[in-house]
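Numbers restart at 1 for each chain; the letters A, B, ... are given by sequence-line order, proteins then strands.
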Amino acid sequence: MRRFLARRLAHGAAVIFIAASLSFLLVHLAPGDPFSSTLDSAAISPSVKAAWRAAYGLDRPLLEQYLRFLGQLARGDLGPSLLQPGPASAALAGAVPNTLVLMGTALILSFVIGIGVGSWQAARAGSGGDRVAGNASLVVASLPEFWLGAVLLLVFALRFRVFPAGGVVDLVMHDSLSPAGRVLDRLRHLALPSLTLALLGSASIARYQRAALLDVLPQDFIRTARAKGVSDRLVLWRHALRNALVPTIVLLGLSLPTLLGGAVFVEQVFSWPGLGRLAAAAFHARDYQVVIGATIMGAVLVVAGGILADLLHAAVDPRVRAQ
Amino acid sequence: MRESIGPRIRILVACALAAAACDRGTTKSDDASAVGGSIIIAMQNEPRSLLPPLINQIDEKVVEDQIFEPLAWLGDEGHLDRDYRPGLADSWSWERDSTAIVFHLNPKARWQDGPPVRASDVRFTFGLYADSVVGFKDRSSLARIDSVTARDSVTAVFWFKNRYAEQFYDAATRLLILPEHLLAREPRATMLTSTFGRQPVGSGRFRLGKWTPNASIELLADTANYHGRPNLDRVVFAVTDVNSLSTRLTTGEIDLAEVSTPAVFRTASAQPDLRARMNPAYDYSFLLFNARQRKQRRQPNALFADVGLRRAISMGLDRGKLVRSQFDSLAIVSTGPMTRAQPLADSTIRTIAYDSAGAARLLDSLGWTLPAGKTVRERRGQPLKFSVLVPTVSANRMTMIVAIQESLRKLGMEVVVDAVDGNTFVGRLGARDFDVVFDGRHVEPSVSGLRAFWSVASARDANGQNYGNYENPRFDAHLDSALAARDLASARPHATQAFETIVADVPAVWLYETRTAMLMHKRIRPVHLVSTAWWAGLADWSIPAAERLPRDRVGLRVASR
Amino acid sequence: MTQPALLTVSDLRTYFYTGAGVARAVDGVSFTIGTGETLGIVGESGCGKSVTALSILRLVQQPGRIEPGSRIMFENQDLLQLDGAGIRRVRGNRIAMIFQEPMTALNPVFTVGDQIAEVARVHASASRRAAWDRAVEMLTMVGIPAPAERANQYPHQLSGGMRQRVLIAMALIMNPALVIADEPTTALDVTIQAQILELLADLQQRLGTSIAMITHDLGVIAEVASRVLVMYGGEVVEEARVETLFTEPHHPYTEGLLHAMPRVGRRQERLAVIPGSVPPPTAWPTGCRFRDRCAYAWDRCAREHPPLYQIGVGHVSRCHLADEPERRTARATAQVSPAAQAAVPGGGA
């Protein structure tokens, strides 16, 4: 297991290195640079822009910039953000926790909802309820993130005013709340964005889970469990589910990239100051270091997702653990 | 998604009733009940930096005008030549030959970090704005100021190269005065990433509280301010996506927003808690023809050097209908390179009316005829086909170009939409690499900006912003006369002639002036809501004690920071 | 029939309602099992013996259904009338099953100790600790070396024989009155088979459990059973004491099975097989269900469904030969019956 983990980590480091290099290349090859990014900058003379480029080292040959970037990266330094004061890593440090909270909550929610619904369906496969839930999850899975977000916004923020429409905390009240109140405030703000992300993910998880359970239910050990006098509920939730989780757990790691992609849209809709919003804004402004940093963070998440899936797979399936 | 391309610094037109407010008398009200309250303002684009010379968009201006001060504010009517009210300077005088203005700073003025504001700060600020490497986008407007000197610690003198109408405006309002002691050692070429831009310190009545990147900028009342503390405890600018704007306005999460989308305006203005108010337009958009071949200034454009064709295209577009159907009440048809909000604008100028039959006849007479069985006009075998450069970042233009394409197709023209991202757009515009471009401009109350965009000199300067290569010396002459006039009244006839000249030349199809609507929570009592600069009197806004929300009662208590 | 009946199955009919028609997998089966007795149920695959076993514990899955009119009396109650909780109290507790696939009958993601202990936790509401100890005890009893360590292992870490022992431990942990063993040794090699059968017999003696041994292997029957039920076409076709069956089989099907049985010490070039195969349960032939494969079949067999004829004490047979025994000798001289020949090409598997 330890060797396996070491190999996965080495593999992950390689992926991250490649992602960093590719994003470096792509962002530098994209038209424009940090100083031509806004439409207005035509008013600033080319010589001034040239001076700025020189001041930030952007006038050097690309290879030289790349090597310098690698040198910095090796020291764990992304370099300065070109468009806001402070290092790029500070900009990322502000955004990453918000995205992790959002994605983590959404991930847990999506698996709880997806596994719950999928199992519920499998337990009554072929019934009307199964068909209704199956069609519903098919519809949800095909919805665009921003649309679903907008609908939840309309229903729960506008129509019923249960949850706030945007942000991470109440901008004025948060600091004056009690510790418990602050936690509640954060949860209230987290509800809609994480639910949006979770619903989208849970739809496909439910379909996956239903199929996995239907594969497991006819198996001999399920009959054994029933013959032991175990109740139908326990047979489903203990004996069948644990086995059906194996393929679903693999999905967990694989779903991280999709989830990250979804987070980009959800963060826009709910004014959530996370990695997605930061990356979108930074790319728009060609803030090279922040774009690269965001890409690296994304790659780290994806690699971590893969490793997490393997660890979880090992946790639920003793046959994998043995290898 | 604000509709404007071009220098975006929306300069304060006025601070009308603000004059009364900034008048110490009313500000230092003993009415304790007026003090308190927190309002949340939507901000669509987060500033990169709050360093005033690097201003890039209006959201920055709104924030910076609370933290920093100019020497004087424009008066409420927006006159460029009179009615200014005191800012950092509490009085001023002209030197006898009118080539110098002496500003007497308020002796009590202090920076938010303690030291007094000195004339040397004014001198330093001018040096910073005028230094090309810093990147102040309206630097050309400072070109006629020769220098600034400090006569004594509270007296700053602006020396001009020559006399002109907008001398005072340029000196008093364009510069937000900056603290030399904090910025002197900052390298100029990298001002963009100076720490000061994230931790600004000014002399304004609000100071920066907490800036949460991507989320919000919180301003807090500067209780020790020499003008007296503002009524409001706190103003929070919340970064808000346009898609959730109407929801956040409706739920009360946002107290105030400038809205440029008709759908958002309709939804939000129907809310009983919100009050709506239209702002005047300071942005106009147009289809600009290139008079020269792409990238080749020496040769006239094969199609658009012909004023007849330009006129025919303009006649073929029902601009009234196009604008109404797309913008509802948030835009009006444009009449020329101006907006009606500009004091010198002349809305009586004769423009080209919609006449599609006339356009067809004109095209026929120019030799662009429709061969039997074809849908595109031809002249000597050459089809009437051209591309229009459009930036994808502008949703308004991307929408309207489709309607334009359809209108012109009916006239027998084939329009190809050349949609490109913002960076490419700017690059192609600067290189004059287009036949027709869907461009937009942001204007100031002053019409001096016209010179940069439409003058012969600018057309001939490779770095100039006369991208369409429009050249008419008569226009330049009228414009120069208008700009040299000593007051508005004497400038007006010249300005009108300049506008008539350029409109008759049809260098562009003037499409629309966009304006924004302001939506505000009813509990807020704004004062000095002046045409363009609704934020000018923010420090004197108040919220009646009886109508306060929980957030208004939080007070200035600074919790765990 | 000295022992009092522990289980009485009467007229059990289990039908499967499939798209291809109604499959009458078990079609009117009646039998009893006495306390402490081992009943062998034998037949080819598809004859209904496994469905009979599953029907007793009502483990038949959709689309299968036990038809009204069937009765399964056990310890003074009709198992078919119990509610869900009631039948669960019987399963694994009073009646336990040992399945034939030790590879797949254990849940791969739980330790074997857990799986054995679960029975005790479900029925005796034993604490986790007590149930575990009991499971380890059971592993000792079924002869698994180092039971405490084995209990912590997963099924894939055990050999086939050990897994079968685990299944037996699981079946016996509640000391049930009846164990239904469905081909418990089929998947094992011969030596292990013998060990398992020995173990079962030994445990039965010690615990006094009744056993229903379901198998297609008459060798197994000979070793453990005292009475035998021969099933064919969803019906009981012969029932006899084991010695009687081996020495004086009556039903031609039983004869066929005995011929097909490999015997130790008797060298055979090739096992005799019963020609043809079991017809599909959706289309049992009229009359005698075995007639297509029967060497003795005559016209009466197609016309008339044979009842269970009493042959001797505790010996019944569902064959008209009981009525017309002269036909058996006639056949012996007539060599091959045309009916049997005809059945071969048509009846391939």
Side-chain angles (χ1 to χ4, degrees), chain A residues 30-49 51-52 54-56 80-86 91 94-95 98 146 149-150 153-154 157-158 161 164-168 170-177 268-274 277-278 281 284-286, chain B residues 5-8 38 40 46 48-49 56-57 132-135 137-138 187 189-190 192-199 212-216 218 234 236 238-241 243-244 247-248 250-251 253 391 393 421-427 429-430 452 463 465 550-551 554-555 557-561:
Chain A
D33 70 19
F35 310 117
S36 65
S37 58
T38 55
L39 298 179
D40 312 294
S41 40
I44 292 171
S45 77
S47 63
V48 170
K49 286 184 193 166
W52 288 352
Y56 291 101
S81 163
L82 295 182
L83 294 173
Q84 44 184 265
N98 288 330
F146 59 87
L153 206 63
L154 283 179
L158 202 56
R161 314 231 171 152
V168 177
D170 188 300
L171 293 172
V172 174
M173 303 297 288
H174 185 77
D175 285 346
S176 61
L177 295 171
Q268 288 296 347
V269 174
F270 293 99
S271 309
W272 190 264
R277 255 172 86 97
L278 179 71
H284 186 69
R286 301 287 190 273
Chain B
I5 282 185
R8 271 197 184 174
S38 302
I40 302 178
E46 186 182 20
R48 295 165 174 184
S49 156
N56 196 45
Q57 55 198 7
S132 68
V133 83
V134 170
K137 285 176 183 162
D138 272 356
T190 55
L192 203 55
T193 53
S194 71
T195 315
F196 183 87
R198 282 266 152 164
Q199 295 158 7
T212 313
N214 255 328
S216 60
E218 178 193 52
R234 175 186 290 101
V236 179
V239 183
T240 301
D241 183 67
N243 295 309
S244 58
T247 307
R248 296 186 84 184
T250 307
T251 59
E253 281 168 59
V393 290
D421 79 290
N423 282 314
T424 313
F425 183 81
V426 170
L429 199 62
N463 292 324
Q465 296 169 70
R551 79 164 70 109
V554 167
R557 187 162 72 88
V558 182
S560 67
R561 178 130 304 155

For the pair Asp421(B) and Arg286(A), evaluate salt bridge (charged side-chain N to carboxylate O under 4.0 Å, His left out) and give the outcome as yes or no after the intermediate values. CA-CA 12 Å; Asp421(B) 79 290; Arg286(A) 301 287 190 273; 3.5 Å; yes
With chain A, which of [options] has the greatest number of heavy-atom pairs at distances under 4.5 Å?
{"options": "Val236(B), Thr250(B), Thr195(B)", "answer": "Thr250(B)"}
{"options": "Gly135(B), Ser49(B), Ala215(B)", "answer": "Gly135(B)"}
{"options": "Gly427(B), Pro550(B), Ala189(B)", "answer": "Ala189(B)"}
{"options": "Thr212(B), Thr424(B), Val134(B)", "answer": "Val134(B)"}

Do Thr251(B) side-chain atoms and Leu158(A) backbone N/O form a donor-acceptor pair below 3.5 Å? no
Hey, mind stepping through Arg248(B) and Leu153(A) against side chain to side chain contact (heavy atoms under 4.5 Å, CB included) and telling me if it holds? CA-CA 9 Å; Arg248(B) 296 186 84 184; Leu153(A) 206 63; over 6 Å; no
Taking only residues two or more places apart in sequence, or in another chain, which ones meet Arg551(B) in a salt bridge (Lys or Arg N to Asp or Glu O under 4.0 Å)? Asp255(B)
Report the residues that fulfil side chain to side chain contact (heavy atoms under 4.5 Å, CB included) with Pro164(A), sequence neighbours left out, ordered by chain and then residue number. Arg188(A), His189(A), Glu253(B)
Using non-hydrogen atoms only, which part of [X] is less than 4.5 Å away from chain B: side chain, backbone, both, or neither?
{"X": "Arg161(A)", "value": "side chain"}
{"X": "Ser81(A)", "value": "backbone"}
{"X": "Ala157(A)", "value": "both"}

Name the region of Val239(B), side chain, backbone, both or neither, that has any atom closer than 4.5 Å to a heavy atom of chain A. both
Of all heavy-atom pairs between Thr247(B) and Ala165(A), which one has the smallest distance, and what is that distance? CG2-CB, 3.7 Å
Minimal non-hydrogen separation, Gln268(A) against Asp241(B), with atom names: O-CB, 3.0 Å
Within the 4.5 Å heavy-atom criterion, are Ser47(A) and Ser132(B) side-chain neighbours or not? no
Distance check, rounded to the nearest 0.5 Å: Leu192(B) atom CG versus Tyr56(A) atom OH? 5.0 Å
